[in-house]
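Chain letters run A, B, ... following the sequence lines, proteins first, then strands; residues in each count from 1. From a predicted model like this one, the values you see are computed outputs, not experimental measurements.
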Amino acid sequence: MYALVDCNNFYASCERIFQPKLKKKPIVVLSNNDGCIIARSDEAKALNIPMGVPLYQIESLIKQHDVKVFSSNYALYGDLSNRVMQSLHALVPQLEVYSIDEAFLDLRQMPYHDLYAFGQEIRQTIWQWTGIPVSLGIAPTKTLAKAANRYVKAHAKETGVFVIEDNFTADIALAATPVEDIWGVGRRYGRFLAGHQIQTAFDLVQMPDSWIQKHLKIVGLRMVRELRGEICYGLELEPHPKKGICVSRSFSNTLTDLSLIEEAVATFAARCGEKLRKQKSCANLLHLFLFTNPHRENDPQYFGSKVLHFSAATHSGFDLVTMALKALKLIFKEGYRYKKAGVMVSGLVPENNTQTVLFDINEPKRLKDHRVFQTVDALNRKLGRDTIRIATQGKGWTTHQTQRSPCYTTRWEDLLVIDERIDFRGKHLRGLY
DNA sequence: TCTGGGGTCCTAGGACCC
DNA sequence: TCTGGGGTCCTAGGACCC
């Protein structure tokens, strides 16, 4: 049996831990540049605030119901996610971290007979150790565990756990799962299935394999088999290295000036370098894109994109920034108001296994760069991101965030203050209270 | 005025090899 | 009049996930 553990309204729950007065209050969390709603508490969902809606479109609703609004704080969410995952790992050794707020557990080795009671124990423990509420779906396959988890949220919120252990409980969950809520059915397939009078997961599993494979392809067939209780996806215990890495941002204001776009692009390329070095990979290709604001239909639109090859795979910040700026010069056109850019690297290979070129005159430079960036990364880890950076990155490229909560768990200065008369070293402060 | 940022896998078609 | 049969690799696009 597998369990899918899912943190309830994860980002909103993270914010609430440190502001308990927000219990039972509607909370939303915003995307970069405070653009769209990307997370909602139950109370915000009850106000019919949709996922992904731009903040400015629901401004009056926010005011009317006194919804608490947060900019996204990924340092906080990432750290709390680690705590949840570590806590789960302490309870069940075999686990796959599936996303920032979800994990699959392998319960087969566990000496428990009452899975429902064990699910409750996990829930209580995570709540006690981290302050994050979680829900569990337990079932013979990952796709069914996903469906069981969704069933909890839709029909058994108070209990927080649902177990699919036989045909009877499977049919309950399948019949209660609309096709578009199945793990593996998106908007496109959802519309297609609705057009064929297939409303629920229960309807879908009745269809013949040949029909499924013809229309939903091999991935769809695996999904249906999993819904029928046949394991197609095992647990992936080791996180495998990424095959591509992308850093992209919208600009808070549209940019027209090449030098400002250069700063942004250099920053994205440098960030790709950090990610590459972190997973010990080198890139063979760099892909740059730059475009105008597609929402402003009256503005002239332009979508520029360019792929360049490195002569030898690299993760040097110098190489990446140089190549990104070269690509930028090739696609930049005067007279447009640019809104977003991004750098993607691909053709990734392990750093100790790169194919070099014959008569490689750059080898000394590569070795030197490697040492330089080991030092740069170490300094930035210790002193803060971008303390050491490439000059083209400018003074430090940031997004627009007005409502960000403190980094309670990752910065000394942001530690939650319980008694202002005592600082974090336990020293008494005079005259501050 | 204001609209996110990452990833994965599969398939079809074209260019090329013998 | 009649024009083979087997591969690989790469890319773009489309589906999906959080």
Legend entry - Between A:Thr410 and A:Asp79, a side-chain donor and acceptor under 3.5 Å: no

Legend entry - Length of the CG-P vector between A:Leu276 and B:dG7, whole Å: 10 Å

Inset, instruction - Write down the distance separating the C1' atoms in B:dG4 and C:dC17, rounded off to the nearest Å. - result: 15 Å

Legend entry - Nucleotide pairing, DNA chain C (Watson-Crick or G-U, distances under 3.5 Å), in dot-bracket with [ ] and |: ....||||||||||||||

Inset, instruction - To the nearest Å, give me how far apart CG (A:Leu55) and P (B:dG4) are. - result: 12 Å

Inset, instruction - Could you state the atom-to-atom distance from OH of A:Tyr77 to P of B:dG4 in whole Å? - result: 17 Å

Legend entry - Between P of B:dG6 and NZ of A:Lys275, the distance in whole Å: 5 Å

Inset, instruction - Before giving the answer on salt bridge (Lys or Arg N to Asp or Glu O under 4.0 Å), spell out for A:Asp386 and A:Lys395 the whole-Å C-alpha distance, their side-chain angles and the decisive distance to 0.1 Å. - result: CA-CA 9 Å; A:Asp386 287 344; A:Lys395 279 187 262 175; over 6 Å; no

Inset, instruction - Please determine, by modelled atom types, if A:Ser405 and A:Asn73 share a side-chain donor-acceptor pair under 3.5 angstrom. - result: yes

Legend entry - B:dT3 OP1/OP2 closer than 4.0 Å to side-chain N/O of A:Asn293: yes

Inset, instruction - List the protein contact pattern of nucleotides 10-18 of chain C with one symbol per nucleotide (5' to 3'): B for base contact, S for sugar-phosphate-only contact, - for none; contact means a heavy-atom distance under 4.0 Å. - result: -----SSSS

Inset, instruction - Specify the separation, in whole Å, of atom CD1 of A:Ile38 and atom P of B:dG6. - result: 12 Å

Legend entry - Modelled atom types, side-chain donor and acceptor of A:His287 and A:Ser305, under 3.5 Å: yes

Legend entry - Charged N-O contact under 4.0 Å between A:Asp319 and A:Arg366: no

Inset, instruction - Go through B:dG4, B:dG6, B:dT3 for me and flag the one nearest to the A:Gln57 side chain. - result: B:dT3

Legend entry - Gap between atoms CD1 and P, on A:Ile62 and B:dC2 respectively (whole Å): 19 Å

Legend entry - Aromatic contact, A:Tyr189 with A:Trp183 (centres under 6.0 Å): no

Legend entry - Strand-adjacent residues in residues 240-267 of chain A, judged by heavy atoms under 4.0 Å from DNA chain B: A:Lys242, A:Lys243, A:Gly244, A:Ile245, A:Cys246, A:Val247, A:Ser248, A:Arg249, A:Ser250

Legend entry - Residue met sooner reading DNA chain B from 5', once A:Ile218 and A:Lys340 are mapped to nucleotides: A:Lys340

Legend entry - A:Lys142/A:Glu96 ion pair, N-O < 4.0 Å: yes

Inset, instruction - Nearest whole angstrom, please: distance from the P of B:dT3 to the CG of A:Asn298. - result: 15 Å

Inset, instruction - Name the residue closer to the 5' end of DNA chain B, choosing between A:Arg337 and A:Asn32 according to the nucleotide with the nearest heavy atom. - result: A:Arg337

Legend entry - Presence of A:Arg296 side-chain N/O under 4.0 Å of B:dT3 phosphate oxygens OP1/OP2: no

Legend entry - Carboxylate-amine/guanidinium contact A:Glu413 A:Arg411, below 4.0 Å: yes

Inset, instruction - Assert yes or no for the condition that the ring centre distance of A:Tyr338 to A:Phe332 is strictly below 6.0 Å. - result: yes

Legend entry - Gap between atoms CE and C1', on A:Met344 and B:dT8 respectively (whole Å): 14 Å

Inset, instruction - Identify whether any heavy atom of A:Arg271 sits under 4.0 Å from a base atom; if not, whether one sits that close to sugar-phosphate; answer base, sugar-phosphate or nothing. - result: nothing

Inset, instruction - Check whether the side chains of A:Ser41 and A:Asn9 place a donor and an acceptor atom closer than 3.5 Å, and report yes or no. - result: no

Legend entry - Side-chain touch A:Ile390/A:Phe318, heavy atoms, less than 4.5 angstrom: yes

Inset, instruction - Would you kindly say whether A:Arg123 and A:Gln120 are connected by a side-chain donor-acceptor distance under 3.5 Å? - result: yes

